[in-house]
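Notes to accompany the following structure.
First the proteins, then the strands, lettered A, B, ... as listed; each starts at 1.
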Protein chains: 2
Amino acid sequence: MSPRRSFQRAGEEARRAALISATLDLIAEGGPAAATVRAIAARADVTPGLIRHYFATKEDLVAAAHESLMTGLTEAATARLDELTDNPRARLRDFIVASVSPPVTEPRAMALWAASMQLVPRDAAMRRVHEATYLAFRDRLAGLIADALHAAGRSTDTATLRAHAIAGNALLDGLWIEAAAIPDHFSEIDLPELALSAFSRLLNLPLED
Amino acid sequence: MSPRRSFQRAGEEARRAALISATLDLIAEGGPAAATVRAIAARADVTPGLIRHYFATKEDLVAAAHESLMTGLTEAATARLDELTDNPRARLRDFIVASVSPPVTEPRAMALWAASMQLVPRDAAMRRVHEATYLAFRDRLAGLIADALHAAGRSTDTATLRAHAIAGNALLDGLWIEAAAIPDHFSEIDLPELALSAFSRLLNLPLED
DNA sequence: CCAACAATTATACGTTTGTATAATTAAGGA
DNA sequence: TCCTTAATTATACAAACGTATAATTGTTGG
């Protein structure tokens with residue numbers, strides 16, 4: 001007499017979110033190999049069969065998890081912007097600082113990001129998600145740069161603006177990646193200050209406090 | 001009557017190298033999941049049982065492969081420096097261009113790098129190797145920057161130089177990573193020119209042709 | 001209060017995985 | 001030349017994987 005386990009119904013949205021969260025947790029802790037359908041189900045406190053009910057294949061679930069991760073990182077850098085002053089230069093400065101500060105620079109985020117990047121070259125769905133989220137972040141940065149330069153009375157043709165956004169994005173990416181990879185080594189370095197200083201020279205626009 | 005497959009004996013060193021090479025090829029092509037013992041053996045043109053004869057466990061083989069990868073990358077970067085001209089500014093320029101050009105920007109390199117980075121937060125040995133190779137690369141860049149600035153008659157205190165090297169390294173990392181991740185999107189962009197332009201502003205030192 | 005439906009669990013299947021062990025064969029020294 | 005030894009192949013096995021499908025159960029509208 002094995003009693004069938006009781007359960008509660010949850011909305012589709014909540015269940016998908018729970019499965020995605022469980023997937024990210026497992027990948028962060030033990031890499032992609034640890035994110036098996038059975039482990040994911042256990043972490044989300046459901047049975048493995050339910051995964052197939054919401055995601056046709058495990059690949060779909062992983063892709064959805066990647067999208068959730070990337071948009072989450074972008075939002076982490078963007079979140080404080082809305083509550084900020086309307087001073088364009090301060091907004092850009094805050095965006096830069098947030099991009100090289102926790103939670104973005106936490107090792108967990110880096111491990112997840114690396115796991116995703118590893119799939120990008122050969123998984124079309126992952127590549128599409130990555131490109132979309134990359135461009136979303138870059139466009140956001142481009143807008144902030146344009147506003148800051150304009151407020152300083154500088155003209156900005158689109159080609160130059162795009163180059164600034166690409167380089168600035170690359171700078172922020174490289175900084176948070178290394179800071180997350182070897183936190184001990186960067187603990188004694190004021191990363192926000194370094195980022196602001198480099199950005200100031202990149203745009204020829206003072207950003208430091 | 002199935003004839004047993006013929007074979008030739010090889011030295012331990014050669015066999016281990018062949019197995020490591022096969023492992024890296026497979027990880028680059030299909031990720032860590034593709035590097036099964038059977039696939040590795042097939043690629044190295046031996047039977048799966050032989051792997052266990054040289055590596056007690058598959059984990060040992062993967063660790064050896066990562067170490068080989070890291071040291072190989074550093075040596076490649078070091079070797080490249082020696083063939084450059086002795087004009088300090090040209091050396092820095094060539095180094096920057098090489099860092100955002102093939103074979104560095106090939107998706108294969110990015111996939112292997114991402115596979116390694118994914119292990120860094122969880123594996124102390126991997127973290128040590130990564131930190132050492134990162135610092136080796138950064139120190140090289142710092143030396144090139146110092147020489148170029150000095151040749152231009154600029155003074156450079158060590159703190160500023162280190163900041164320049166960190167920011168420059170981050171810029172190059174971010175650029176080659178994205179170029180390798182979404183090559184289609186960057187195909188129409190002159191990445192070396194963009195990198196040189198950004199570096200020039202970062203150092204306030206003209207580097208473009 | 002009941003019936004219909006969707007959400008969830010349960011079970012099963014075929015593959016593939018890493019590893020263990022026994023059988024064979026190439027290579028070198030006596 | 002033969003005989004020993006280590007390198008290599010061959011076979012086997014239990015565990016874990018993703019997926020498919022059937023059986024149940026919570027929920028909601030009438």
Side-chain angles (χ1 to χ4, degrees), chain A residues 1-27 29-66 115 118-119 122-123 125-126, chain B residues 1-27 29-66 115 119 123:
Chain A
M1 293 303 175
S2 50
R4 181 176 265 242
R5 118 183 218 164
S6 71
F7 61 92
Q8 279 191 359
R9 296 198 175 192
E12 171 169 348
E13 197 177 348
R15 272 282 131 88
R16 294 179 77 97
L19 290 172
I20 286 175
S21 173
T23 303
L24 291 178
D25 281 353
L26 288 167
I27 291 178
E29 290 171 13
T36 69
V37 288
R38 286 169 178 81
I40 294 169
R43 180 66 65 104
D45 205 43
V46 296
T47 54
L50 190 61
I51 291 180
R52 239 188 83 71
H53 189 258
Y54 287 109
F55 299 93
T57 177
K58 187 196 169 188
E59 203 173 26
D60 288 359
L61 170 55
V62 172
H66 178 227
Q118 184 190 316
L119 299 177
R122 54 177 188 284
D123 188 319
M126 291 290 278
Chain B
M1 294 304 172
S2 48
R4 181 176 264 241
R5 117 180 219 164
S6 72
F7 62 91
Q8 278 192 357
R9 297 195 175 194
E12 171 169 348
E13 197 177 348
R15 272 281 131 88
R16 294 177 77 97
L19 290 173
I20 286 174
S21 173
T23 303
L24 289 178
D25 281 353
L26 287 167
I27 291 178
E29 291 171 13
T36 68
V37 287
R38 285 167 179 82
I40 294 169
R43 181 65 65 101
D45 206 44
V46 296
T47 54
L50 190 61
I51 291 180
R52 239 187 86 69
H53 190 258
Y54 287 109
F55 298 93
T57 178
K58 187 196 167 187
E59 203 174 25
D60 288 358
L61 170 54
V62 172
H66 277 134
L119 299 177
D123 189 322

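- The CD1 atom of A:I51 lies 10.5 Å from the OG1 atom of A:T57; values are rounded to the nearest 0.5 Å.
- Going from atom CG of A:L50 over to atom P of D:dA22 covers 18 Å, rounded to whole Å.
- Contact annotation for B:R15: backbone-only contact, meaning every heavy-atom pair under 4.0 Å involves sugar-phosphate atoms and none involves a base.
- Across the protein-nucleic acid pair, A:R38 atom CZ and C:dC13 atom C1' stand 11 Å apart, rounded to whole Å.
- Within the nucleic acid shown, A:E12 has no heavy atom closer than 4.0 Å to any nucleic acid atom.
- Rounded to a whole Å, the CZ atom of A:F7 is 6 Å from the P atom of C:dT9.
- No engagement by A:F55 is indicated, since no non-hydrogen atom pair under 4.0 Å with the nucleic acid exists.
- The residues A:R52 and A:D60 are annotated as not salt-bridged, no charged nitrogen and carboxylate oxygen being separated by less than 4.0 angstrom.
- Contact between the side-chain N/O atoms of A:T57 and the OP1/OP2 oxygens of D:dT19 is found at a separation under 4.0 Å.
- In this structure, CG of B:L61 is placed 14 Å from C1' of C:dT19, rounded to the nearest angstrom.
- Here A:Y54 contributes atom OH and A:R15 contributes atom CZ; the two are 6.5 Å apart, rounded to the nearest 0.5 Å.
- With hydrogens and angles ignored, no donor-acceptor pair under 3.5 angstrom links the side chain of A:R52 to the base of D:dG18.
- Toward the 5' end of DNA chain C, the nearer of the two residues B:K58 and B:Q8, judged by each one's closest nucleotide, is B:K58.
- If you check C:dA27, C:dT9, D:dA10 against the side chain of A:R5, the one that comes closest is C:dT9.
- In this structure, A:D45 places its CG atom 15 Å from C1' of C:dA7, rounding to the nearest Å.
- Distance CD1 (B:I40) to P (D:dT9): 15 Å, rounded to an integer number of Å.
- The two residues A:T47 and A:A41 come nearest to each other via the heavy atoms C-CB, 3.6 Å.
- Contact annotation for A:R9: base contact, defined as any heavy-atom pair under 4.0 Å involving a base atom.
- One can place CD1 of B:I51 at 16 Å from P of D:dA7, the figure rounded to the nearest angstrom.
- Between A:K58 atom NZ and A:T36 atom OG1 the span is 6.5 Å, to the nearest 0.5 Å.
- Comparing A:A33 and A:A56 against DNA chain D, the residue whose closest nucleotide sits nearer the 5' end is A:A33.
- Of the side-chain N and O atoms in B:Y54, one or more sit less than 4.0 angstrom from OP1 or OP2 of D:dT8.
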Quiz item: Are A:I40 and A:V46 close enough, and set up right, to give a side chain to side chain contact (heavy atoms under 4.5 Å, CB included), and what steps lead you there?
Solution: CA-CA 9 Å; A:I40 294 169; A:V46 296; over 6 Å; no

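- As judged by a 4.0 angstrom heavy-atom cut-off over every strand, A:T47 is placed among the base-contacting residues.
- Of the candidate nucleotides C:dT9, C:dG18, D:dT9, D:dT9 has the atom lying nearest to any side-chain atom of B:V46.
- OP1 or OP2 of D:dA7 sits under 4.0 Å from a side-chain N or O of B:H53.
- With C:dT9, C:dT24, C:dT19 as the choices, the nucleotide that has an atom nearest any side-chain atom of B:R4 turns out to be C:dT24.
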